[in-house]
Amino acid sequence: MHGRLKVRTTEQEQAIKRKEREQKVKAYKAAMGRIMKIRGNVELNDEMLILTREVLQRNPDIYTLWNIRREIFLSFKKEKSDEEMGKLVDNEVKLTENCLMNNQKSYCAWHHRGWVLDLHPEPKWTRELALCTEFLKQDERNFHCWDYLRLAAAKSGFSPLKQFELSDEKIKDNFSNYSAWHYRSKLLPLTHPDPEGNALIEPRQHSYELGQVESAAYTDPNDSSAWFYQRWLLGRDCSVAQRQPPKPLLCWLGPHKAIVSFSKHSRLAPQLFVDGQTVEGEWMMESKYVWVLKHKIGNVDLIKKAEVVTEGGRLELQPSSIGLVAVVAEDSQEHNQVVMDTLKGQLKNCKLLLTLTPDCRWTYLTAVFLMQAIDVRLFHGETMEFLDKLIQLDPLRAGHYDDLRSKYVMEFKLSLMEGSFGVQESVSLSQCHLSSLYHFNQLALVREMCRKLDLSHNCLVTLDSMPGLPALEWLDLSDNELTKEPGRVDKNLRNANLTALKSLSVQDNPCSDLLDIEDLLQTLSFK
Amino acid sequence: MEEVKFIPGTHSKYFKRFLQMMPPQTQKGDTQRLMFAFFAISGLDILNALESCNAQHRQDMIEWIYSLQIQPDDDEESWSRCGFMGSCTFKLQSKESREYQHSHIAMTYTALSSLIILGDDLSRVNRPAVIRGVRALQQPDGSFCAHLGGSENDMRFIFCAAVICYTLKDWSGMDMPLVEDFIKSSLSYEGAIAQGPGLEAHGGSTYCAIAALVLMGRLSIFSDEQLDRLRNWLLMRQVAGFQGRPNKPDDTCYSFWVGATLKLLDRYQFIDKKKNREFILSTQQNLTGGFSKWPDNTSDPLHTYFGLCGLSLMSEPGLKEIDCALNMSVDAAKRLEQIQTWNS
């Protein structure tokens with residue numbers, strides 16, 4: 001009995017629901033039909049407002065209907081008194097509020113609210129701030145509301161400093177740190193800019209912010225937003241380095257070619273002077289970091305003075321066994337003493353935090369970034385250790401950490417290579433856990449000189465970023481993960497301009513059986 | 001836990017039903033039907049099920065889309081209104097009321113893409129009019145509105161504008177440097193991209209910005225360091241499936257928004273595919289077909305489409321490969337290339 005009743009009720013309910021829906025659709029179609037019929041008929045404005053309100057309360061996302069109401073309000077503005085206008089706008093604002101109660105993320109409703117309030121003779125924008133606070137209490141991540149809050153604050157005539165204080169209040173009001181960091185990141189450059197113009201935020205405030213991050217990290221080390229905020233504070237966006245032009249790091253002058261490699265993307269070609277004269281020729285950008293000049297000097301042994309001039313500095317080249325060279329030492333790159341001290345201080349904090357919460361992946365990740373920024377050589381071992389730990393703590397991103405490892409291994413090897421030129425003819429990157437070939441395009445000089453390259457016993461899947469290696473005679477790719485994907489590895493090798501290659505090994509790879517070495521070597525040398 | 005099986009046949013049926021008649025829940029989308037149709041059309045294409053649709057039916061859809069095109073008239077101003085509407089709801093017959101007919105940028109975008117996917121050659125598209133209609137929607141800050149009568153403006157419509165210009169091979173539809181400025185100023189402290197300046201970074205707007213830049217050929221506005229920080233942020237979005245922002249639950253559609261961006265930035269290979277696939281399939285609705293945003297919710301066309309795309313990125317058998325910047329199958333993208341034989 002009970003069961004049957006239930007079934008009947010459900011059927012009945014379904015039928016009722018169906019009828020309701022049909023009626024709703026009917027009403028909607030009727031209303032829309034009438035709306036389209038009377039559009040533009042000024043005398044029927046009042047009816048239009050009633051009709052569109054009816055539809056919008058259920059369907060707040062129909063742009064056109066809000067537009068129709070806007071047209072009508074614009075005509076009201078011309079004819080109605082201030083008092084009347086005030087009432088009309090108040091009602092309109094109430095309409096948007098009803099719509100928002102229905103859907104707090106309606107683009108149309110928020111947009112219309114902001115638009116119509118401007119037509120009020122005495123708009124109470126500060127009251128809008130209170131509205132936003134209410135909405136944000138329900139859903140602090142509602143970005144429509146945050147956007148509206150900024151509008152309301154601006155219309156209230158709040159200076160950036162006042163808005164900053166407002167956000168500080170909200171932090172105490174128990175908003176999560178997440179939104180607070182975000183708001184601070186936008187306002188601080190306005191309220192506390194660096195008077196010298198060297199950085200985004202003035203130094204004392206910058207230190208204060210780092211202190212805030214420290215407190216947050218100690219309170220809740222798993223709140224990722226604090227760590228991202230810290231990275232932003234310490235990164236190029238906030239610091240001096242961004243404003244500096246690219247520095248030349250390495251210059252080489254050979255009998256027919258000159259190469260200059262930079263610290264970051266350089267859009268301007270360098271200039272080369274030999275014994276007081278500019279060297280003629282066209283500089284080509286070989287990659288974002290490297291410029292190359294083909295010239296006709298010939299014998300460089302007799303040159304007394306060679307100099308490279310760039311917007312980021314000039315370098316004087318010295319004779320060496322491989323031509324004329326200038327190399328900039330690691331330490332004098334990018335970071336000044338103040339920045340270095342800050343980074344070192346932050347690293348110390350991280351290590352301290354790790355003794356208290358040894359399983360926080362954010363701390364390890366931040367420590368890795370800091371170590372790499374401070375001294376690649378000194379911290380190489382520890383970086384590798386921390387990356388292993390990260391793979392353990394955060395297996396979802398194991399691939400990413402492996403990739404970071406490849407990057408840092410290359411940076412380490414790069415830092416070793418710069419000192420001793422003999423190494424450059426024969427480069428060993430065997431057993432380095434490499435899953436990608438990072439920075440190769442920056443090793444301009446190595447690529448030019450390199451006759452022997454050992455990439456054996458790594459985890460390379462493709463050679464997509466293998467650059468041109470015109471001097472290479474011997475290449476060992478054995479024991480990697482080179483893909484079976486038809487033609488992939490083949491294509492990579494052809495793109496690497498290996499015209500001098502005499503010996504190639506790809507054994508112990510998934511693709512081993514697919515490559516005909518003899519054939520490949522023959523075709524490569526014909527290119 | 002029992003492994004959920006992927007049921008492409010049921011999803012095809014879902015989309016085909018949808019194209020016949022939209023369910024009542026989508027009443028709110030009445031004026032944006034074209035966009036919903038795109039999800040079904042492109043979805044069926046990715047499911048390799050479009051060919052099995054009746055040829056007449058496909059032609060009918062093409063005709064329906066063209067019926068939504070707004071053409072200019074003698075008045076110079078009318079060119080700014082051109083493009084496509086979302087449905088015939090506001091289609092007017094009388095000349096006087098024609099001035100109320102405006103295109104909607106997302107409808108113009110989905111119209112063009114749907115036409116290509118359905119096999120049309122875009123010969124009946126009034127290209128100069130569409131482009132002028134797009135250009136008219138650009139704001140002084142570089143972003144785009146959707147609709148000449150007024151609307152919000154944000155990153156979504158920049159993406160729409162970029163696809164339209166790319167498709168019609170006419171970049172006079174946007175002032176590119178202004179767009180680049182808007183995108184750069186929408187970078188948040190997290191190193192990812194928001195809907196607009198001042199807002200928090202978001203997976204959806206990040207996709208829109210990066211895909212637009214790729215289509216514009218201007219990804220180089222970001223330094224390697226900025227791109228690395230962005231890649232890092234994107235990879236941190238995986239919780240099983242993907243979330244759109246930190247501290248938010250995962251949602252099926254982000255497997256595409258975040259996943260496709262990672263593909264465009266060459267880091268997709270570092271995600272955990274197993275966990276991602278498990279999550280997407282946990283939102284599969286076995287009875288009705290389709291995918292929902294979370295497990296145990298009702299499916300809808302948007303999440304169904306992006307759920308399928310999310311699976312396609314992982315080379316799920318039975319699904320076509322996607323062109324991540326254009327948001328359509330690689331097949332369709334190739335066909336677009338073939339028909340783009342116009343002189344600029």
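Chain letters run A, B, ... following the sequence lines, proteins first and then strands; every chain starts at 1.
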If you count heavy-atom pairs within less than 4.5 Å of chain A, which of B:L199, B:I271, B:D272 leads? B:L199
Look at atom NZ of A:K29 and say whether more than 12 heavy atoms of other residues, nucleotides or ligands are closer to it than 6.0 Å. no
By the definition side-chain contact (heavy atoms from CB on, under 4.5 Å), identify the one residue from B:H102, B:H147, B:H104 that meets it with A:T64. B:H147
Gap between atom CG of A:N67 and atom CG of B:L148 - 0.5 Å precision: 9.0 Å
Would you compute the distance between atom OH of A:Y107 and atom CD of B:Q195 and round it to the nearest 0.5 angstrom? 4.5 Å
Rounded to the nearest 0.5 Å, what separates atom CE in B:M236 from atom CG in A:L396? 10.0 Å
How far apart are the C-alpha atoms of B:E152 and A:Y63, what are their side-chain angles, what is the distance that settles it, and do they pass the side-chain contact (heavy atoms from CB on, under 4.5 Å) test? CA-CA 10 Å; B:E152 72 281 8; A:Y63 290 95; 3.1 Å; yes
Whatever's closer than 4.5 Å to a heavy atom in chain B on A:R361 counts as side chain
With chain A as the partner, which of B:G198, B:P197, B:A194, B:A240 has the greatest number of non-hydrogen pairs under 4.5 Å? B:G198
How about CD on B:E77, more than 12 heavy atoms from neighbouring residues, nucleotides or ligands closer than 6.0 Å, or not? no
Can you tell which of B:R229, B:K275, B:Q269, B:K274 has the highest number of heavy-atom pairs within less than 4.5 Å of chain A? B:R229
Once the angle between the rings of B:Y189 and A:Y229 is folded into 0 to 90°, is it parallel (under 30°), tilted (30 to 60°) or perpendicular (over 60°)? perpendicular
From B:E200 CD over to A:D147 CG, what is the distance, rounded to the nearest 0.5 angstrom? 11.0 Å
Set out, in order, the CA-CA distance, both residues' side-chain angles and the distance that settles side-chain contact (heavy atoms from CB on, under 4.5 Å) for B:R267 and A:D403, then state yes or no. CA-CA 9 Å; B:R267 293 293 185 273; A:D403 185 59; 3.8 Å; yes
Should we say atom CG of B:L287 is surrounded by more than 12 heavy atoms from elsewhere, each under 6.0 Å from it? no
Given a strict heavy-atom distance threshold of 4.5 Å, which part of A:L365 is in contact with chain B: side chain, backbone, both, or neither? side chain
Evaluate the side-chain contact (heavy atoms from CB on, under 4.5 Å) criterion for residues A:D61 and B:Q32: first the C-alpha distance (whole Å), next the side-chain angles of each, then the deciding distance (0.1 Å), finally the verdict. CA-CA 10 Å; A:D61 293 320; B:Q32 308 192 325; 5.8 Å; no
With distance as the sole test, does A:R397 use its side chain to make a donor-acceptor pair with the main-chain N or O of B:N232 at under 3.5 Å? no
CD of B:E190 to OG of A:S185: how many Å apart, nearest 0.5 Å? 8.0 Å
Is B:E225 in contact with chain A via its backbone, its side chain, both, or neither, using a 4.5 Å heavy-atom distance? side chain
Distance (rounded to the nearest 0.5 Å) between B:S188 OG and A:W232 CH2: 10.0 Å
Quick check with a 6.0 Å cut-off and a 45 degree axis cone: is B:R245 positioned over the face of A:F143's six-membered ring? no
Sub-3.5 Å donor-acceptor pair from the side chain of A:H400 to the main-chain atoms of B:F270, do we have one? no
Of A:K407, A:K186, A:M32, A:H265, the largest count of non-hydrogen pairs under 4.5 angstrom with chain B goes to A:K186
Please classify the contact of B:D266 with chain A as side chain, backbone, both or neither, using a heavy-atom distance under 4.5 Å. neither
